[in-house]
Amino acid sequence: MIPLTVPHLAGNEWKYVKDCLDTGWISSVGSYVNDFEKRMAEFTGAKYAVACMNGTAALHVCQRIMGVQQDDYAIIPNITFIATANAVSYTGAEPLMMDVDSDTWQMDLNLLEKFFIEETKMMDGKCVAKKNNRRIGCIMPVHVLGNMCNMERLMKLANERNIPVIEDSTESLGSSFKGKQTGTFGQMGCFSFNGNKIISTGGGGMIVTNDEALAKKAKHLTTQAKIHPEEYIHDEIAYNYRLVNILAAVGVAQMEQLPAFLKKKKYISDFYKKYLNGVGDIQFQKVENDIHVNDWLFTIKTSKSKEIFENLKKADIISRPFWMPMNQLQMFQSFWYYNENDKSNAVYHNCLSIPCSTGISDDDLALVVKKIKECF
Ligand SMILES: *Cc1c(COP(=O)(O)O)cnc(C)c1O
């Protein structure tokens, strides 16, 4: 069997986890949590990093910190994993789905600009929808598959309207725009260390920010808002969203290997691009100027995506279709989906992610290529 993408645990994971077990520091405080946070801050260039139990929790807490609330709209791309839309919904706000670009599969910024011009106005310093005066509480770009949109342009559109930006950087650790890492453009950025991400702690997440007050607030809200070191006094309703030390230990070991993982992901991506280039109508994700991608999950776009999926499956090779667009899910069908000709739908039906585990061999890569070519 060739899996889609599985964790690569070839470093100090065992040693650091054993250290937690030997010393009894397995729970929510411990040196690995601090170390993991420090390494994430260093790697991304953010001033502060706050560990969380997973990426979804990180996204939720950031919504709350940035003041997204009941009846607000939060703008998200229509093509994303469900967690983005769920995190918005937990606050009582409504995800407002923005169509994506057919080639980069990221939120379409031309469309976003058109939306602001045609559908919104400023009222008391806030950007609201013309039709019902409901506030645009935040924009949450998702760096889909580690690619990005032009973050300078997005930040300009947001800043001109006083709208906070929370980056869903869960798939893009190691990606950058003009040399600046994802997660550091908006007020806050979120990462995930789920089993399929570029580094994994089994389950885990991280919030990054350059603002000390926001970082403190993130720590506070993810740790039950306790304000006294000994007594159980809390100053608001918060969450138990901590990352435990034993998982942070895995995270530290994974961070040590991140540069090697990124190199291998690039190698895999180059391999596929070399051997699949010109095969049938296969297209690769377009990456715009100034963007460096982490090559997290290699994905092709082709009218034969279903046939390829089946052919790979017969050979015990796992591939995955793209996420169903948010506007097609029953929970969000009645919500605002801003689009001109629903480009998301074609992206959804034609995209297929193919095996790209950090540990994959050349023989396996060649076999995947062979099985894909058989479909044309
Ligand atoms: C993985 C992922 C998340 C959520 O991360 P978890 O750690 O699994 O909660 C959120 N958004 C996107 C786009 C993701 O791919």
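We use all heavy atoms of the structure for the numbers below, so side chains are in, but hydrogens, waters and symmetry mates are not. Counting starts at 1 for both ligands and their atoms, in listed order.
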Within 6.0 angstrom of Lys273 NZ, more than 12 heavy atoms from elsewhere: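 Counting other residues, nucleotides and ligands, NZ of Lys273 exceeds 12 neighbours.
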
Have a look at ligand 1 and work out which part of Val142, if any, has a heavy atom under 4.0 Å from it: side chain, backbone, both or neither.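 Contact part for Val142 vs ligand 1: side chain (C-beta onward).
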
Backbone, side chain, both or neither: what part of Thr80 comes under 4.0 angstrom of ligand 1, heavy atoms only?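 The part of Thr80 near ligand 1 is the side chain, not the backbone.
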
Positive for side-chain contact (heavy atoms from CB on, under 4.5 Å) with His60, one of Leu221, Thr91, Val88, Thr222: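 Per the side-chain contact (heavy atoms from CB on, under 4.5 Å) rule, the option paired with His60 is Thr91, out of Leu221, Thr91, Val88, Thr222.
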
[X] heavy atoms, cut-off 4.0 Å: which ligand 1 atoms fall inside?
| X | result |
| --- | --- |
| Asn54 | 7 (O), 9 (O) |
| Ala83 | 3 (C), 4 (C), 10 (C) |
| Thr56 | 4 (C), 5 (O), 6 (P), 9 (O) |
| Thr84 | 11 (N) |
| Lys197 | 1 (C), 2 (C), 14 (C), 15 (O) |
| Gly204 | 7 (O) |

Could you tell me the residue and atom name of the protein heavy atom closest to [atom], and the distance to it rounded to 0.1 Å?
| atom | result |
| --- | --- |
| atom 5 (O) of ligand 1 | Ser192 OG, 3.2 Å |
| atom 15 (O) of ligand 1 | Glu171 OE2, 2.5 Å |
| atom 11 (N) of ligand 1 | Asp168 OD2, 2.8 Å |

Are the ring centres of Phe36 and Phe193 closer than 6.0 Å? yes

Can you label the angle between the [X] ring and the [Y] ring as parallel, tilted or perpendicular, going by 30° and 60°?
| X | Y | answer |
| --- | --- | --- |
| His234 | Tyr232 | parallel |
| Tyr241 | Tyr239 | parallel |
| Phe177 | Phe185 | perpendicular |

Derivation and outcome, side chain to side chain contact (heavy atoms under 4.5 Å, CB included), residues Phe116 and Arg161: CA-CA 9 Å; Phe116 282 131; Arg161 293 165 181 83; 3.3 Å; yes

Pairs of nitrogen or oxygen atoms closer than 3.5 Å, one from Thr170 and one from ligand 1: do any exist?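 There is such a contact, yes.
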
Check the pair Asp270, Lys274 against salt bridge (charged side-chain N to carboxylate O under 4.0 Å, His left out), reporting the backbone distance first and the verdict last. CA-CA 6 Å; Asp270 288 346; Lys274 182 169 168 200; over 6 Å; no

